[in-house]
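For reference, the structure is listed below as structure tokens.
In each ligand, atom 1 is the first atom listed, and ligand 1 is the first ligand listed.
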Amino acid sequence: MACNVKTWFALVATLSLLANLMPLVFGEPQVSCFFIFGDSLVDNGNNNDLDTTAKANYAPYGVDFPDGPTGRFSNGRNMADIIADLLGFDKYIPPFATASDQEILMGVNYGSGGAGIRDETGSQLGARISLNHQLLNHQTTMSRLALLLGSKEAAADYLSQCLYYVGMGSNDYINNYLVPQYYPTSRMYTPKQYATVLIKQYSQQIKTLYKYGARNVALPGLGLIGCTPAEMATYGTNGSACVDVVNKDVAHFNDELSLLVDELNNNLTDAKFAYVNITEISIGDPSAVGITVTNAACCVPSSTMGKGQCVPNLVPCSNPGNYSFWDAFHPTDTANVFMAAGAYSAMTPLLSVLKLGSDEGTAIL
Ligand SMILES: *[C@@H]1O[C@H](CO)[C@@H](O)[C@H](O)[C@H]1NC(C)=O
Ligand SMILES: *[C@@H]1O[C@H](CO)[C@@H](O)[C@H](O)[C@H]1NC(C)=O
Ligand SMILES: *[C@@H]1O[C@H](CO)[C@@H](O)[C@H](O)[C@H]1NC(C)=O
Ligand SMILES: *[C@@H]1O[C@H](CO)[C@@H](O)[C@H](O)[C@H]1NC(C)=O
């Protein structure tokens, strides 16, 4: 354990240093463009104008963010923001909802709170942008890029040099399989069958993204959903540190996703996919970064409205930096720094491919 602490501290420290130095050394990010697909863990404002309780554009969300509440489900930055920072971007990747023509050249964030691999996932909360819909939105971006760059071919060429991060599936559990009062899936499938059904659909969606020209794709697995304060409050932990049965259900998804990544790498040889083991990252010792409270939310979580999200305008804890969880589902800025450092490190194989493939990158090296 002591060894773990040191390793993590060293890694986080090194990466923060790199993040600070990279733009100075190279004067530009390590990749030209970064596209993000996902749910509330990466949403940076796409749900703000949707009719849903799955949105976070109100206080105390964003209390530690320079712009205040933005729609991010955190007190500060989310994981996608920090990964972009580690990649050397000096601006956040813009949300699809508001991205301008010039901005889409750096990539687009399609993330939507409540969204899932399955279209119906999250519907009890209201509107959301499912992964299928996010892929349609990406087609819109592709058309805009073709106009900007002069041709479809130029856009395709550009898109093949981008980095992609696709993090989906949490809501297919939290806002589908684990709420049988709203969805029949837990009566239709065993946990293992459900994981297989999800991965089958996910596989098609990832291949669609490949068809749209993505060649460097990070695929994070799911975190320990059974350790979120919300699931612990719902199920009780039965003397354990977390809801073990929920973690077991979700582990099936992760096992199958990691096998899918191997298959995709074998079958689509002109592309590279990287599995990001979120569980492995999260069990590194977060006390190395000052996190001591891992089982409670910092803000006051609602028991009704968007169950587990912060109650609007109530005063949160005074030391969010010591908490893993901002609300009953979502990490604090500090926890996101910790998680993003691990994810970034798991994504480095994708970066080396991109550098090899780009003349500009080679010249810099
Ligand atoms: C609690 O633990 C006991 C003993 O291990 C087990 O039989 C029971 O099914 C568990 N209950 C829940 C809700 O996990
Ligand atoms: C990979 O190729 C094999 C052999 O053609 C095929 O059976 C499998 O379904 C493919 N996997 C994916 C994820 O496309
Ligand atoms: C992720 O890491 C955890 C902890 O090291 C390990 O138990 C698990 O098997 C890994 N998952 C996959 C899919 O590789
Ligand atoms: C709480 O976090 C601060 C930094 O944000 C750190 O200095 C302090 O040691 C942490 N407290 C505990 C009890 O870990």
Side-chain angles (χ1 to χ4, degrees), residues 1 3-5 7-9 11-13 16 63-64 74-77 82 117 166-170 173 191-192 195-212 214-215 217-227 241-242 244 246-296 298 316-326 331-339 341-343 345-347 349:
M1 210 39 143
C3 174
N4 265 345
V5 175
T7 310
W8 272 107
F9 183 73
L11 183 58
V12 171
S16 318
V63 66
D64 298 314
S74 178
N75 58 314
R77 297 161 295 169
I82 299 162
I117 292 167
V166 187
M168 273 291 186
S170 294
Y173 286 91
K192 181 139 178 40
T196 304
V197 166
L198 283 179
I199 291 295
K200 206 168 157 199
Q201 186 168 0
Y202 205 22
S203 167
Q204 292 306 321
Q205 291 159 330
I206 295 161
K207 283 192 244 175
T208 298
L209 187 59
Y210 170 84
K211 241 177 37 204
Y212 294 165
R215 292 294 179 268
V217 186
L219 293 164
L222 308 184
L224 294 168
I225 291 171
C227 301
C242 300
D244 296 332
V246 169
N247 285 340
K248 231 175 105 197
D249 290 358
V250 169
H252 291 299
F253 179 92
N254 288 340
D255 290 343
E256 293 207 24
L257 179 58
S258 118
L259 292 175
L260 173 64
V261 168
D262 293 340
E263 249 184 80
L264 291 169
N265 278 321
N266 284 332
N267 291 13
L268 307 173
T269 49
D270 62 342
K272 179 97 188 136
F273 301 85
Y275 177 68
V276 180
N277 189 333
I278 295 291
T279 301
E280 185 176 33
I281 300 168
S282 70
I283 60 180
D285 192 336
S287 68
V289 291
I291 291 177
T292 46
V293 187
T294 59
N295 61 357
C298 171
C317 73
S318 60
N319 55 339
N322 299 118
Y323 280 69
S324 293
F325 288 97
W326 169 244
T332 55
D333 182 286
T334 305
N336 280 324
V337 168
F338 183 74
M339 297 303 299
S345 141
M347 287 161 69

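Looking at residues two or more places apart in sequence or on another chain, you find a side chain to side chain contact (heavy atoms under 4.5 Å, CB included) between Ala335 and Ile291, Pro331, Thr332. Applying the ring-ring contact (aromatic ring centres under 6.0 Å, His included) test to Tyr202 and every residue at least two apart in sequence or in another chain returns nothing.
Going from atom CG of Leu222 over to atom CE of Met168 covers 11.0 Å, rounded to the nearest 0.5 Å. In this structure, Phe325 CZ and Asn75 CG are separated by 13.0 Å, a value rounded to the nearest 0.5 Å. For the atom pair OG of Ser203 and CG of Leu198, the computed distance is 12.5 Å after rounding to the nearest 0.5 Å.
Put simply, part of Thr292 is less than 4.0 Å from ligand 4, judged by heavy atoms.
At a 3.5 angstrom cut-off on N or O pairs, Lys207 counts as close to ligand 2.
Using a distance-only test at 3.5 Å, with no hydrogens or angles considered, a donor-acceptor pair links the side chain of Arg215 to the main chain of Tyr210.
Applying the 4.0 Å criterion to heavy atoms of Asn322 picks out, from ligand 4, the atoms 1 (C), 2 (O), 3 (C), 8 (C), 10 (C), 11 (N), 12 (C), 14 (O). Of all atoms in ligand 2, numbered sequentially from 1 with element shown, those under 4.0 Å from a heavy atom of Leu260 are 13 (C). Atoms of ligand 2 found under 4.0 Å from any heavy atom of Glu263, numbered from 1 in the order shown, are 8 (C), 9 (O), 10 (C), 11 (N), 12 (C), 13 (C).
For ligand 3, residues of the protein lying within 4.0 angstrom by heavy-atom distance are Asn254, Asp255, Ser258, Tyr275, Asn277, Glu280, Ile283.
Here side chain to side chain donor-acceptor pair (under 3.5 Å) pairs that include residues 249-265, with residues two or more places apart or in two chains, are Thr196-Glu256.
Asn336 places none of its side-chain heavy atoms less than 4.5 Å from the side chain of Trp326.
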